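Remember, predicted model here, so these are calculated numbers, not experimental data. Throughout, protein chains are lettered first and strands after them, A, B, ... in sequence-line order, and every chain is numbered starting at 1.
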Amino acid sequence: MTTEFAEKIYSQLKKVPKGKVITYKALAQSIGTKAYQAVGTVMKNNPYAPEVPCHRVVATNGTIGGFKGKKSGKAILEKIGMLQKEGVKTENGKIKNFEKVVYTFNSTCCAEERT
DNA sequence: CTCGTGACTTACG
DNA sequence: ACGTAAGCCACGA
C-alpha cells in the first residue's frame, strides 16, 4: 500500500523517458508540493522499483544527490550504473550534459523518444 | 498525537 | 566554494 502523496510522485516519475532525469524540485512542484525532502522520503519506499526509476531522479543542481557512495545503500550505486547505461552519463557523481538530459513536465515531452 | 529523521532546497556567513 | 541555519512535507517509532 502506498500513500496518495507517493503515488503522485511515482506517477510523474514514471512519465520520465529513458535516458533522461528529473530533479526533486521539478518533481515536487509537478505534484503540487514544496516538500522536496518528502519526495526523497517516499522514493525510499519505491514499491514500484522498475516502474519508478528513483535513480533517474537527481538533485536540482544536477548532482546525483544522496545516491552517491555516502551511506544510503550501495544498491543505489547500481542504479547509477544502469542510469549511465541508459544514456545519462555522470561525472564524479554529477550528471553530464545535465541540461540535455533533464526532463520537465512542462517542457517538450519525449523529444528524443519520438523519431 | 508528539518527536526524530531524511535520497532536498534556499539563504546567509 | 564550503559550512551552517531555517523551511518544507512525509514517514517511522
Side-chain angles (χ1 to χ4, degrees):
Chain A
M1 181 51 187
T2 56
T3 63
E4 297 297 316
F5 179 82
E7 289 185 14
K8 287 182 188 173
I9 300 174
Y10 303 139
S11 186
Q12 293 292 61
L13 186 51
K14 286 194 297 189
K15 288 171 149 191
V16 181
K18 182 186 69 127
K20 305 257 301 204
V21 296
I22 182 165
T23 64
Y24 288 100
K25 186 171 171 296
L27 186 57
Q29 288 183 154
S30 66
I31 64 175
T33 187
K34 294 92 57 179
Y36 314 119
Q37 189 129 39
V39 178
T41 302
V42 300
M43 298 267 78
K44 291 194 340 179
N45 295 298
N46 191 18
Y48 300 88
E51 300 179 67
V52 182
C54 46
H55 58 266
R56 209 170 281 168
V57 187
V58 298
T60 307
N61 61 313
T63 49
I64 304 298
F67 302 151
K68 276 196 325 171
K70 290 198 105 175
K71 63 185 187 76
S72 308
K74 58 186 180 182
I76 297 174
L77 301 177
E78 304 286 295
K79 302 182 179 205
I80 300 175
M82 114 175 148
L83 186 70
Q84 295 173 81
K85 272 183 63 167
E86 293 192 352
V88 182
K89 315 258 191 329
T90 62
E91 180 62 54
N92 192 11
K94 302 212 286 219
I95 305 293
K96 266 188 175 183
N97 306 314
F98 176 60
E99 302 179 28
K100 319 289 181 163
V101 299
V102 73
Y103 174 89
T104 44
F105 304 107
N106 198 32
S107 293
T108 315
C109 177
C110 319
E112 300 188 336
E113 288 299 283
R114 65 177 62 179
T115 49

How long is the line joining [atom1] of [X] and [atom2] of [N], in whole Å?
X: A:Asn46; N: C:dA10; atom1: CG; atom2: P; value: 18 Å
X: A:Ile22; N: B:dT9; atom1: CD1; atom2: C1'; value: 15 Å
X: A:Met43; N: C:dA10; atom1: CE; atom2: P; value: 14 Å
X: A:Lys34; N: C:dA6; atom1: NZ; atom2: C1'; value: 16 Å
X: A:Gln29; N: C:dG7; atom1: CD; atom2: C1'; value: 15 Å
X: A:Asn92; N: C:dA1; atom1: CG; atom2: C1'; value: 15 Å
X: A:Glu7; N: C:dA10; atom1: CD; atom2: P; value: 14 Å
X: A:Tyr10; N: C:dA10; atom1: OH; atom2: C1'; value: 11 Å

Out of C:dC11, C:dC8, B:dT10, whichever nucleotide has its closest atom nearest the side chain of A:Lys25: B:dT10
Proximity to the side chain of A:Asn45 - top-ranked nucleotide from C:dC8, C:dA10, C:dG12: C:dG12
Upstream residue (5' side of DNA chain B) when A:Val39 and A:Thr60 are each assigned their closest nucleotide: A:Val39
Sub-4.5 Å side-chain heavy-atom contact between A:Thr2 and A:Asn45: no
Check: A:Phe98 and A:Thr63 side chains under 4.5 Å, non-hydrogen atoms: no
A:Lys25 and A:Gln29: side chain donor to acceptor below 3.5 Å: yes
When we call it a touch if two heavy atoms are under 4.0 Å apart, what does [X] touch: a base, just sugar-phosphate, or nothing?
X: A:Thr41; result: base
X: A:Lys44; result: base
X: A:Thr3; result: sugar-phosphate
X: A:Tyr24; result: base

Residue mapping more 5' on DNA chain C - nearest nucleotide basis, A:Thr2 or A:Tyr36: A:Tyr36
Residue whose nearest DNA chain C nucleotide is more 5′ - A:Glu4 or A:Gln37: A:Gln37
Electrostatic pair A:Lys96:A:Glu91 at N-O distance under 4.0 angstrom: yes
Contact summary for A:Ile95 and A:Thr90, nearest pair of heavy atoms: CD1-CG2, 3.9 Å
